[in-house]
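Quick notes on the structure that follows.
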Amino acid sequence: MTAVPSFCHQGMYKCVSLLLLLMGRGVLSQEVEVCSKTVINSCRDCIRSGAYCTWCKQLNFTKPGEQEAARCDTRAQLEERGCMGKDIVSPLNILTVTKNTALSTNAFVKDEPIQLRPQEVNLKLRPGLPRTFKLDFRRVEGYPVDLYYLMDLSYSMEDDLRSIKTLGNELFKALQGITKQGRIGFGSFVDKTVLPFTNTNPEKLKKPCEEKELFCQPAFGYRHVLSMTENKADFNREVDKQRISGNLDSPEGTLDAIMQAAVCGDRIGWRNSSTRLIVLTTDDGFHMAGDGKLAGILEPNDERCYMDNKLYTKSNDMDYPSVGQVASQLEKNNIQPIFAVTKNMENVYRELSRMIPKSEVGVLSEDSKNVVELIQAAYNRLSSKVTVTHDALPDNVRVTYTPLCPGGGPAGDKGVCDNVKVGDLVSFNVTVTADECIDRERSFLIGPLGIKDKLKVSLSTRCECECDDPKEENHKDCDGKGKVKCGMCSCNAGFVGQKCECAIGEKDESSLRAACRKDNGTECEGRGDCVCGICQCYAQQGGSTYYGTHCECENESCEKFQNKLCGGNGKCRCKICECNPEYEGTACQCKKSDEQCRTPSGSVCSGRGTCQCNQCKCIEGYQRPYCLTCPACQTPCITKGKCIECLGFQTGPFSKNCSQTCKSINEFEMVETLPPGKPCDVRDVENCRVFFIIKQLDGEDNYSAQILKTRECPELPNIYAIIGGSIAGVALIGLLILLIIKAILYMRDVKEFRRFENEQKKGKWSPFPNNSTTFTREETMNKI
Ligand SMILES: *[C@@H]1O[C@H](CO)[C@@H](O)[C@H](O)[C@H]1NC(C)=O
Ligand SMILES: *[C@@H]1O[C@H](CO)[C@@H](O)[C@H](O)[C@H]1NC(C)=O
Ligand SMILES: *[C@@H]1O[C@H](CO)[C@@H](O)[C@H](O)[C@H]1NC(C)=O
Ligand SMILES: *[C@@H]1O[C@H](CO)[C@@H](O)[C@H](O)[C@H]1NC(C)=O
Ligand SMILES: *[C@@H]1O[C@H](CO)[C@@H](O)[C@H](O)[C@H]1NC(C)=O
Ligand SMILES: *[C@@H]1O[C@H](CO)[C@@H](O)[C@H](O)[C@H]1NC(C)=O
Ligand SMILES: *[C@@H]1O[C@H](CO)[C@@H](O)[C@H](O)[C@H]1NC(C)=O
């Protein structure tokens, strides 16, 4: 499987990859295709509102009066609604491979060897639609290697320096095992020559080592010693000249040195096409950004090259760089560091290595004798792992990599293939997605870390509709007054309307359309066309048409009564019944006459209600149909009893103004016998029983009564006997009470006397013990 279609040959630029277009659709079908529309006024709005929104540019696709937004939907929906495939506008992703030189097989070509393919692609992406293409990488056999040996020359490295002086030949030999075009450079560092990092005593600055040390060079920050060379003798000679130096604290100015070695490319002599390695040998930790403050150095590191006469000139003026700065410059310059450190520092540098992509750590033996094997092993580890990623991406652009190598792992923002040998082809699926429209073309680089070869991706978005509109300025489908734009009419000045059918003065189309809407509702209620602000109503099924300013009227939807429109007693007009003269009510269900409310005697609702829609509406308590009875009312036997008394017998509380008070008894007669039935039976003031019959007449308080002439009075008892009897009774009771009191007093006296007698017999001391008896007697009398 190749990333590039077969018709894209080497050197053939601008070949549109249709094949990959189709692949893009394959990814698509896994997602649910939806088009959620917001405000859509044009094809452009439509395709910007979602990756699956498509636009139908077919003429006459929208029905008269239908919103043009109906042209925007998913492809499936539009097709279902009859839009032809060729009329569906939906820009897809376009990938153009603009530079696709074949990969080199070895490093011995006239031009620079090519290790990555393609080299340039141009992507035009529909926002939201991902695009995948393949990226191939093959490390060229014999690809040049530049190795920069960067050595810590603080005093504790003395034995290591001795070793490297003897290892030069081996180092070159090992390099030749990798490539015929290997070169080596050399640099050394200690630390900033200011307090507290270095003793600034002039004596000590000159000779910062121990007294006994004979070969000691003055303190320094970073010194570039030897630029990249193929010459073994040069290397041996320059390294041999190196002397140990020294400083005070244990961390060194390591990051200063790495930074300069990375950014001073031309001084170091890095070749453009080479694998660039920095081998750092040290037995101590490193100072980082911020440590400079201890020596009053506040200026932050600016990641630029400051080398003069092979010495780092800003060493004492500029702070140490941060790990992030170092990592970014190493990556930018495709330099892969190998940290060859002593065992005690291994963990520190492993942590550092974690933050620097494409770096390796190896453990130096005490005297650095194993440094050659260490470099070989680290180099193999570095080159067997291919990591592709990108530099800064434009906003709202995402790139993921799927390694197409065994054990390559899932897609992520880096693609990693391990155990890659020189000459192995490794491939990655690169998926690019733009989430938003981008205003202009942007580009970014993709490539393997530590390798110079990069793929340049130029990216723009497809957010415009290419509708291939008819050329006519005055198209006949636009009433000859406008041109077609993506299926819609774009009317000439002075004309508006779906088909430019309205000639207007100052009015604009939207206000004309608004005139066709009632309360912001649907245009013409969906029952007509809005033509120049006037609704043209459709015919209804059954022949008649809708009518009214907004087509809101029809003659078939009035209220029904007994399943007939307007009760069959009127005509329906725009949802309202127009009743025949003798009818009324919302459905003409009421006769205006009150004949159905009349009692047989002819009164309407017995005078106790009104006739409404052929029915009595009675005053409270009375019952239909004629408001004759009131089961809940108090019986007139009671309410009218006093009036009967005064009318029939001129007695009782109303007797003084009876005719006035008892007007409600409209008529009455005194009779010898009452007609059969249960009469009223009340007692008057004289406790006589009065019998009468009372009937309610028409009206609220209107009665007629028949009163029995004779009352039933109780017989009068003998008044003297009653009075005499009562006096005798009272006297008898009084006598009885007196007798009882008398008896009680007598009993007490007898008791007292007995006690008195007893006490007299018992002792002669007190003939009168106390006077309680007298008191008791008095009290008893009081009570009586
Ligand atoms: C669109 O409709 C108009 C009027 O109904 C008709 O004259 C015209 O031919 C139609 N155009 C197409 C492309 O169907
Ligand atoms: C190396 O690359 C740089 C920038 O990419 C360029 O300016 C320089 O000319 C190149 N040098 C050689 C020797 O090709
Ligand atoms: C890589 O991309 C191609 C084309 O887009 C696709 O067919 C293939 O399945 C992808 N492979 C993986 C492992 O994702
Ligand atoms: C119609 O909509 C506009 C804007 O949404 C609003 O200002 C106006 O009050 C609405 N009119 C009615 C009658 O609802
Ligand atoms: C609706 O009814 C009214 C009243 O009968 C009549 O004048 C009008 O013509 C009718 N309209 C239709 C469309 O039938
Ligand atoms: C008769 O009695 C009514 C109330 O019972 C009272 O309002 C009215 O003034 C009285 N008329 C006469 C003439 O006393
Ligand atoms: C009482 O009823 C009689 C007979 O129905 C009627 O003639 C009279 O007008 C009524 N009086 C009132 C005040 O309603």
Side-chain angles (χ1 to χ4, degrees), residues 1-6 8 15-31 51 92-97 100 117-118 121 123-126 128-137 386 388 398-418 425-434 446 455 457 597-611 616 618-619 622 626-630 633 636 639-640 643 647 659-669 693-706:
M1 158 125 206
T2 54
V4 179
S6 54
C8 294
C15 62
V16 177
S17 162
L18 287 175
L19 183 65
L20 289 170
L21 250 170
L22 294 175
M23 290 175 181
R25 281 188 67 79
V27 175
L28 257 179
S29 58
Q30 287 157 16
E31 293 177 37
L92 289 175
N93 296 329
I94 298 177
L95 174 107
T96 318
V97 178
N100 195 24
R117 155 187 168 128
V121 297
L123 275 174
K124 291 190 166 60
L125 295 184
R126 173 83 183 271
L129 274 189
R131 184 69 173 85
T132 301
F133 60 88
K134 206 170 87 170
L135 183 70
D136 288 335
F137 171 74
V386 178
V388 290
R398 287 176 285 143
V399 182
T400 57
Y401 304 88
T402 314
L404 304 177
C405 48
D413 62 351
K414 277 194 182 87
V416 180
C417 279
D418 246 327
L425 179 76
V426 278
S427 302
F428 299 87
N429 267 2
V430 181
T431 304
V432 185
T433 316
I446 290 177
L455 158 68
V457 180
C597 296
R598 282 186 188 276
T599 55
S601 66
S603 74
V604 175
C605 304
S606 309
R608 290 186 286 274
T610 51
C611 187
C616 279
C618 303
I619 61 168
Y622 288 88
Y626 299 119
C627 317
L628 274 177
T629 57
C630 175
C633 298
T639 57
K640 300 301 174 197
C643 280
L647 288 171
S659 62
Q660 193 75 19
T661 315
C662 298
K663 271 194 294 195
S664 63
I665 314 269
N666 191 37
E667 54 197 39
F668 76 96
E669 56 178 332
I693 282 181
I694 188 159
K695 271 200 250 166
Q696 193 165 19
L697 300 175
D698 292 343
E700 274 186 46
D701 196 14
N702 195 1
Y703 294 88
S704 76
Q706 285 174 301

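Just follow the structure's listing: the first ligand is 1, and inside any ligand the first atom is 1.
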Q: Taking atom types as modelled, find out whether Asp136 and Ser427 have a side-chain donor-acceptor pair closer than 3.5 angstrom.
A: yes
Using distance only, find each side-chain donor-acceptor pair of residues 401-409 under 3.5 Å and give its atom names and separation, not counting sequence neighbours.
| residue | atom | partner | partner atom | Å |
| --- | --- | --- | --- | --- |
| Tyr401 | OH | His390 | N | 3.4 |
| Tyr401 | OH | His390 | ND1 | 2.8 |

Q. At a 4.0 Å threshold, what atoms of ligand 3 neighbour a non-hydrogen atom of Leu404?
A. 11 (N), 12 (C), 13 (C)
**Q.** Where ligand 3 meets Thr132 - atom numbers and elements under 4.0 angstrom, heavy-atom basis
**A.** 2 (O), 5 (O)
**Q.** Rounded distance [0.5 Å steps], CD1 in Ile694 versus OG1 in Thr639
**A.** 6.5 Å
Q. Is the Cys662 SG less than 2.5 Å from the Cys643 SG?
A.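 Yes.
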Q) If every non-hydrogen atom of Leu129 is compared with every non-hydrogen atom of Asn93, which pair is closest and at what distance? A)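 It is O-ND2, 3.2 Å.
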(Q) With a 4.0 Å heavy-atom cut-off, what residues sit around ligand 7? (A) Asn666, Leu697, Asp698, Asn702
Q: Quick one: which residue pairs count as a salt bridge (Lys or Arg N to Asp or Glu O under 4.0 Å) with a foot in residues 600-611, not counting sequence neighbours?
A: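 Not a single pair qualifies under salt bridge (Lys or Arg N to Asp or Glu O under 4.0 Å).
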Q: Go through the structure and list residues passing side-chain contact (heavy atoms from CB on, under 4.5 Å) with Asp413, not counting sequence neighbours.
A: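 Residues passing side-chain contact (heavy atoms from CB on, under 4.5 Å) with Asp413: none at all.
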